[in-house]
Amino acid sequence: MPPPEVEELKSRALKIHKLADEVEKLANTVHTEAAKMDWSGPLTDRVRGEIRTWKTRCGTAATLLREEADRLNAEARDMTKP
């Protein structure tokens with residue numbers, strides 16, 4: 001059985017990875033729903049642009065979270081090596 005520290009790192013990595021998935025899912029849902037809407041007005045282009053920017057930022061945040069989860073998993077693997 002791996003040491004408790006290794007299990008803790010793996011657990012944290014899993015939670016971070018799930019958070020990344022949720023962040024990305026949230027942004028994708030808003031972007032998809034906004035694209036389905038037939039709306040117009042003086043601020044339509046600005047709002048759509050802000051939604052695209054927000055989606056990009058959420059994607060970047062999700063990528064960074066996944067990188068951190070991968071780093072924690074690698075650290076956990078390194079701790080189990082003799």
Checklist entry - Under the salt bridge (charged side-chain N to carboxylate O under 4.0 Å, His left out) test, which residues partner Glu67, sequence neighbours left out? => result none

Checklist outcome for this item: For Lys55 and Ala27 the tightest heavy-atom approach is CA-CB, 4.0 Å

Item to check | salt bridge (charged side-chain N to carboxylate O under 4.0 Å, His left out) partners of Glu50, counting only residues at least two apart | outcome: Arg46

Next on the checklist: Rounded at 0.5 Å granularity, tell me how far CG in Leu64 sits from CZ in Arg66.
Outcome noted: 10.5 Å

Checklist entry - In chain order, what residues pass the side chain to side chain contact (heavy atoms under 4.5 Å, CB included) check against Asp70, with sequence neighbours excluded? => result none

Checklist entry - So which residues get pulled into Val23's cluster when ILVMFWY side chains under 4.5 Å apart are joined, directly or through others? => result Val6, Leu9, Ile16, Leu19, Leu65, Leu72, Met79

Next on the checklist: Nearest 0.5 Å, please: how far is CD in Glu22 from OG1 in Thr29?
Outcome noted: 9.0 Å

Item to check | Residue pairs, two or more places apart or on separate chains, that pass side chain to side chain donor-acceptor pair (under 3.5 Å) and touch residues 71-82 | outcome: Glu68-Arg71, Arg71-Glu75

Next on the checklist: Using a 4.5 Å cut-off between side-chain heavy atoms of Ile, Leu, Val, Met, Phe, Trp and Tyr, which other residues end up in the same hydrophobic cluster as Met37?
Outcome noted: Leu26, Val30, Trp39, Leu43, Val47, Ile51, Trp54

Checklist entry - Side chain of Thr56, backbone of Arg52: donor and acceptor closer than 3.5 Å? => result yes

